[in-house]
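Before any comments, here is the structure.
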Amino acid sequence: VVISVSLSGRELNEFDSIIDKMGYSSRSDAVREAFQNFISENRWKYDEDCSYYLLVSIIYDDCKAHKVLDIIHDHSDIINTSSHTHLDHNCLDQLILRGDNESIKKFLNDIAKVKDVRVRKIHI
């Protein structure tokens, strides 16, 4: 199936520069991989009766530690593994979550409510 996408000239130039540096043979190959990543990262949100593993990285200022750690403890039933690292005046928590999509969404929503906390998710 062929599709068309509208981009600004700046976006296309940045995209072409990155795919060239990464060694893709064509834009189509890079777009296909982007689609696959998008599907993988988001599918878990809508599959009702499945259990998922999700790697979550949380970066926050150390003054927010109590709020973040309280939320992590409140959701300990879905946290399979955790690690905590100090980066200057920031903290980095990496968590492997295992649970149904509603439990994971609740955890992510609770974390997102804390101001100045950055969250990255990777579906495993």
Side-chain angles (χ1 to χ4, degrees):
V1 175
V2 176
I3 64 170
S4 65
V5 176
S6 298
L7 301 171
S8 71
R10 182 187 55 77
E11 290 170 323
L12 183 58
N13 287 337
E14 285 184 53
F15 186 73
D16 284 343
S17 174
I18 291 170
I19 65 174
D20 184 52
K21 290 174 185 171
M22 294 179 73
Y24 282 95
S25 60
S26 68
R27 284 181 184 153
S28 292
D29 287 345
V31 169
R32 269 191 292 278
E33 184 173 330
F35 270 80
Q36 291 167 351
N37 289 338
F38 179 85
I39 291 166
S40 176
E41 289 174 13
N42 292 287
R43 180 181 330 162
W44 67 271
K45 296 175 186 175
Y46 306 103
D47 288 343
E48 295 296 325
D49 297 324
C50 295
S51 181
Y52 289 95
Y53 285 96
L54 197 72
L55 172 61
V56 177
S57 296
I58 306 168
I59 301 171
Y60 53 94
D61 188 282
D62 57 9
C63 70
K64 305 280 183 177
H66 292 293
K67 290 180 182 181
V68 172
L69 294 175
D70 285 346
I71 294 168
I72 289 172
H73 287 143
D74 289 346
H75 294 276
S76 62
D77 58 318
I78 64 167
I79 297 174
N80 191 304
T81 304
S82 66
S83 70
H84 180 87
T85 304
H86 293 271
L87 308 168
D88 296 325
H89 296 290
N90 289 306
C91 294
L92 168 65
D93 288 331
Q94 293 184 300
L95 311 169
I96 296 179
L97 308 179
R98 182 171 193 269
D100 60 86
N101 63 355
E102 288 304 315
S103 298
I104 292 173
K105 284 181 196 177
K106 173 82 170 98
F107 171 77
L108 294 172
N109 286 336
D110 289 350
I111 287 291
K113 292 176 188 175
V114 181
K115 186 178 178 179
D116 298 325
V117 172
R118 297 185 313 262
V119 177
R120 301 288 181 260
K121 302 169 288 294
I122 300 172
H123 176 259
I124 299 176

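- Arg118 meets the salt bridge (charged side-chain N to carboxylate O under 4.0 Å, His left out) test with no other residue; sequence neighbours excluded.
- Under the side chain to side chain donor-acceptor pair (under 3.5 Å) criterion, Ser103 pairs with Asp100, sequence neighbours left out.
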Let me have the donor-acceptor pairs involving side chains of residues 31-39, under 3.5 Å, with sequence neighbours excluded, atom names and distances please.
residue	atom	partner	partner atom	Å
Arg32	NH2	Asp29	OD1	2.5
Glu33	OE1	Tyr24	OH	2.4
Glu33	OE2	Tyr24	OH	3.2
Asn37	ND2	Glu33	O	3.4

Acceptor/donor pairs from residues 2-11 side chains to any protein atom, 3.5 angstrom cut, sequence neighbours excluded:
residue	atom	partner	partner atom	Å
Ser8	OG	Glu11	N	3.1
Ser8	OG	Glu11	OE1	3.3
Arg10	NH1	Glu14	OE2	2.6
Glu11	OE1	Ser8	N	2.9

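- Not counting sequence neighbours, the partners of Asp93 by the side chain to side chain donor-acceptor pair (under 3.5 Å) test are Tyr60, His84.
- Once rounded to the nearest 0.5 Å, the distance linking CG of Asp20 with OG of Ser25 reads 11.5 Å.
- Hydrophobic cluster of Leu92: the remaining members, joined at side-chain heavy-atom separations below 4.5 Å, are Ile59, Leu87, listed by chain and number.
- For the atom pair CD1 of Ile78 and CG of Leu97, the computed distance is 5.0 Å after rounding to the nearest 0.5 Å.
- With sequence neighbours excluded, the residues forming a salt bridge (charged side-chain N to carboxylate O under 4.0 Å, His left out) with Asp16 are Arg27, listed by chain and number.
- Applying the salt bridge (Lys or Arg N to Asp or Glu O under 4.0 Å) rule to pairs touching residues 50-64 yields nothing, sequence neighbours excluded.
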Output side-chain donor-acceptor pairs under 3.5 Å for residues 65-76, partner residues at least two apart or in another chain, one line each.
residue	atom	partner	partner atom	Å
His73	ND1	Leu69	O	3.2
His75	NE2	Asp110	OD2	2.8
Ser76	OG	His73	O	3.4

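- Screening Leu108, Ile104, Ile96 against Val56 for a side-chain contact (heavy atoms from CB on, under 4.5 Å) leaves a single residue, Leu108.
- For Lys105, the salt bridge (charged side-chain N to carboxylate O under 4.0 Å, His left out) partners two or more places apart in sequence, or in a different chain, are Glu102.
- In this structure Ser82 satisfies the side-chain contact (heavy atoms from CB on, under 4.5 Å) test together with Ile79, Leu95, sequence neighbours excluded.
- Few gaps surround CG on Asp77; more than 12 heavy atoms of other groups in view lie less than 6.0 Å from it.
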